[in-house]
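In what follows, chains are A, B, ... by sequence order, proteins preceding strands, each numbered from 1. On a predicted model such as this, the values are computed, not experimentally measured, just so you know.
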Amino acid sequence: MSLIQPRTLSGFRDILPELMMPREELIATAQRVYRSFGFAPIDTPALEYLEILSGKGSDETDRQLYRFRDNGSRDVGMRFDLTVPLARFAAQHVPKLGTPFKRYHIATVWRGEKPQRGRYREFMQCDFDTIGTKSVAADIETGLVIHDLMRAIGFEQFTIRVNNRMVLNGLLEKLGLVEKSTDVLRALDKLAKIGREKVVAEMMATAGATAVQANAVLKLAEFAGSNNEILDEVATLVSGNETGEAGVERLREVLSGAMAAGVNESHVKLDVSIARGLDYYTGVIFETFLDDLPTIGSVCSGGRYDNLAGLFTKQELPGIGASLGLDRLLAAMEELGLIDQVRTPAPVFIPFFDKERLGDYLRLAADLRASGIGVEVYPDPKRLGQQLKYADSRGFAIALIAGYDEFEAQTCQVKNLGRGESAEVSLATGIDELLAQIESILTAS
RNA sequence: GUGGCUGUAGCUCAGUUGGUUAGAGCAUCGGAUUGUGGUUCCGAGGGUCGGGGGUUCAAAUCCCCUCAGCCACCCCA
């Protein structure tokens with residue numbers, strides 16, 4: 001009989017313990033930060049009616065959508081982001097939930113894209129959104145969540161790029177380019193990558209802009225200096241246009257609000273050239289890059305939208321939110337060497353050393369677990385040296401060694417595997433001394 | 001979805017102009033050492049040369065297709 005070749009689909013992958021453990025930690029960190037701002041968790045189905053997902057109807061999402069006919073002949077699709085499901089969810093439940101409604105949603109999404117480094121066909125997003133308010137406070141808070149999240153994960157070298165669609169739209173109105181805005185913005189967005197000349201050429205080619213128009217748009221994106229200096233320059237450029245002026249004012253409030261909340265200016269950069277993000281963004285836009293690995297792309301993006309659920313309800317639901325690309329961030333951290341090589345989730349190891357005493361080992365482990373310490377007992381009574389070798393390769397912090405001698409004396413050796421030191425503690429009156437010993441080793445390492 | 005580069009053991013890679021039975025280091029497992037790991041020594045397992053087809057007396061090596069990874073485009077977390 002021929003064997004089936006074990007393999008995974010392009011863009012899909014297995015996650016081994018040494019990657020899954022930091023991944024779970026990342027999820028826990030995101031949950032903690034979101035909750036600290038009052039965002040509540042929700043979940044939605046992975047599968048939706050096709051019409052829900054493709055309602056927006058853009059060619060691109062259509063191409064990337066995993067879709068099929070289910071066993072009941074329904075046309076269904078797998079969610080490709082968490083925002084469209086949120087829109088459906090909000091339209092369905094907002095009467096019960098009330099607004100403002102703040103939710104976070106950590107879940108897997110699927111896109112049939114061509115995979116690359118940090119780009120998968122199955123990946124996890126960690127979204128948080130505030131719907132039902134147009135307040136600038138929510139805009140500011142969104143920036144703060146991104147900032148706190150990045151720092152909680154352990155990053156100091158990151159830049160949150162901020163812009164406002166209204167500034168761009170205002171300028172385009174002024175220049176008479178509004179109806180070509182998508183093409184213009186798409187070209188503008190490539191500025192950092194392909195340079196000024198090519199951007200001008202592309203604007204002229206795809207958007208039908210004149211050289212004068214193209215250069216005027218580029219002028220906006222080329223101001224240098226502090227955030228406030230850039231803002232002042234931009235303000236003069238869009239002056240006279242209501243949309244643009246409102247956009248500048250909003251950006252000023254967002255930036256000063258973030259500073260007021262204690263965000264360091266090095267982490268927030270006004271960048272008038274970032275234009276993308278999904279079509280539904282209408283106000284403030286965020287994109288977050290790692291200073292040490294900018295080529296992997298944005299690891300947390302989001303923005304404000306006027307009417308999230310317009311496809312599903314007549315009730316207008318404005319909101320703002322962002323999405324942490326967990327798997328992309330993890331790929332970046334792996335590449336930057338920020339992933340610990342520990343392969344055990346439990347810090348304490350008990351060698352199964354005296355084969356007559358399995359019950360005692362299990363009892364000791366149970367007592368420690370009851371005190372909140374993770375403990376693994378080796379399953380086979382092999383040579384002690386081999387068991388310690390195993391403990392070492394998995395990254396255990398502590399081994400508790402007890403054999404005939406220790407059991408006779410009612411003691412146990414506490415071996416610090418990091419330092420190679422061993423101490424003997426008494427178990428005659430309980431495990432308090434042992435716990436204290438373990439805690440001191442764990443806090444030191 | 002379009003174009004390009006790459007693919008030999010779990011990992012990193014050798015492998016001559018096509019020429020016997022495809023090698024090394026690391027990792028794994030066992031032993032030296034049946035009560036003390038990260039060092040050392042010895043040994044073992046592990047390969048459809050990504051897969052399929054073709055050219056040839058002969059293919060890891062040349063050709064075609066396919067799968068996967070990476071890069072660019074598109075788009076995006």
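- Comparing the same atom, P, in rG30(B) and in rA68(B) gives a spacing of 37 Å after rounding to whole Å.
- Of the C1' atoms belonging to rC11(B) and rU20(B), the separation is 30 Å, rounded to the nearest Å.
- Residue-environment remark: CZ (Arg369(A)) exceeds the threshold of 12 foreign heavy atoms within 6.0 Å.
- Nucleotides rC49(B) and rG23(B), compared at atom C1', are 12 Å apart to the nearest Å.
- Using a 4.0 Å heavy-atom distance criterion, Glu406(A) is classed as a base contact.
- The backbone N or O of Tyr390(A) sits less than 3.5 Å from a side-chain atom of Ser393(A), completing a donor-acceptor pair.
- With both pairing distances under 3.5 Å, rU36(B) is matched to nothing as a Watson-Crick or G-U wobble pair.
- Computed from coordinates, the Arg119(A) CZ to rA77(B) P distance equals 10 Å when rounded to whole Å.
- A stacked arrangement is not assigned to Tyr390(A) and the six-membered base ring of rG37(B), the conditions of a centre distance below 5.5 Å and an interplanar angle below 30° not being jointly met.
- Residue contacts for Arg63(A): at a heavy-atom cut-off of 4.0 Å it reaches a base atom on one of the strands shown.
- One cannot find a donor-acceptor pair under 3.5 Å joining the base of rA77(B) and the side-chain atoms of Glu287(A).
- The main-chain N or O of Ala138(A) is never found under 3.5 Å from a side-chain atom of Thr130(A) such that the two would form a donor-acceptor pair.
- Rounded to whole Å, the separation between the P atoms of rG46(B) and rG54(B) comes to 30 Å.
- rG37(B) atom C1' lies 14 Å from atom CD of Glu421(A), rounded to whole Å.
- In the set rC71(B), rA32(B), rC67(B), the nucleotide with an atom closest to the side chain of Arg383(A) is rA32(B).
- Side chain of Pro115(A), nearest nucleotide from rU36(B), rA77(B), rG69(B): rG69(B).
- Residue Asp405(A) is in base contact, counting any heavy-atom pair closer than 4.0 Å across all strands shown.
- Under the Watson-Crick or G-U wobble criterion, with both distances below 3.5 Å, rG7(B) is paired with rC67(B).
- Nucleotides rG19(B) and rG31(B), compared at atom C1', are 40 Å apart to the nearest Å.
- OP1 and OP2 of rU36(B) both lie 4.0 Å or more from every side-chain N or O belonging to Gln387(A).
- Within 4.0 Å (heavy atoms only), Gln386(A) reaches sugar-phosphate atoms of the nucleic acid but no base atom.
- Base pairing of rC73(B) is made with rG1(B), judged by Watson-Crick or G-U wobble geometry with both donor-acceptor distances under 3.5 Å.
- Across all strands, Arg121(A) comes closer than 4.0 Å to no nucleic acid atom at all (heavy-atom distances).
- Residue contacts shown for Gly118(A) include a base, since a base heavy atom lies under 4.0 Å away.
- Using a 4.0 Å heavy-atom criterion, one finds that Gly297(A) contacts no nucleic acid atom at all.
- Of the nucleotides present, none pairs with rA60(B) by Watson-Crick or G-U wobble criteria with both distances under 3.5 Å.
- Checking rG46(B) for Watson-Crick or G-U wobble geometry (two distances, each under 3.5 Å) identifies no partner in any strand.
- Spacing of C1' atoms, rC76(B) relative to rU66(B), comes out at 28 Å, to the nearest Å.
- Dashed line: the shortest gap from a side-chain N or O of Arg13(A) to OP1 or OP2 of rA68(B) is not under 4.0 Å.
- For Ser10(A) and Arg394(A), each mapped to the nucleotide of RNA chain B holding its nearest heavy atom, the one lying further toward the 5' end belongs to Arg394(A).
- If you take CZ of Phe353(A) and C1' of rU36(B), they are 8 Å apart, rounded to a whole angstrom.
- Across the strands present, rA27(B) finds no partner; the criterion is a Watson-Crick or G-U wobble pair with both atom distances under 3.5 angstrom.
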Are Tyr361(A) and Phe407(A) close enough, and set up right, to give a ring pair (Phe, Tyr, Trp, His ring centres under 6.0 Å), and what steps lead you there? CA-CA 11 Å; Tyr361(A) 296 126; Phe407(A) 283 123; 5.6 Å; yes
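- Atom OH of Tyr49(A) has 12 or fewer heavy atoms from other residues, nucleotides or ligands within 6.0 Å.
- Within the nucleic acid shown, Gly418(A) comes within 4.0 Å of at least one base atom, counting heavy atoms only.
- Rounded to whole angstrom, the span from the CD atom of Gln116(A) across to the P atom of rU6(B) amounts to 17 Å.
- Here, rC70(B) and rC26(B) have their C1' atoms 24 Å apart, quoted to the whole Å.
- The distance from atom CD1 of Ile398(A) to atom C1' of rG37(B) is 15 Å, rounded to the nearest whole Å.
- Residue Met78(A) forms a side chain to side chain contact (heavy atoms under 4.5 Å, CB included) with just one option from Leu47(A), Val109(A), Leu53(A), Leu65(A), and that option is Leu47(A).
- For Arg394(A) and Phe349(A), the positive end is not near the middle of the six-membered ring at less than 6.0 Å and at most 45° from its axis.
- Taking atom C1' in both rC71(B) and rC62(B), the straight-line distance is 26 Å, to the nearest Å.
- Within the nucleic acid shown, Lys382(A) comes within 4.0 Å of sugar-phosphate atoms alone, with no base atom in reach, counting heavy atoms only.
- Looking at His267(A), its side chain does come within 3.5 Å of a backbone N or O of Glu156(A) through a donor-acceptor pair.
- Considering only side-chain atoms of Ile401(A), the nucleotide from rA77(B), rA72(B), rG35(B) that sits closest is rG35(B).
- Toward the 5′ end of RNA chain B lies the nearest nucleotide of Ile194(A), the other residue of the pair Ser301(A) and Ile194(A) mapping further downstream.
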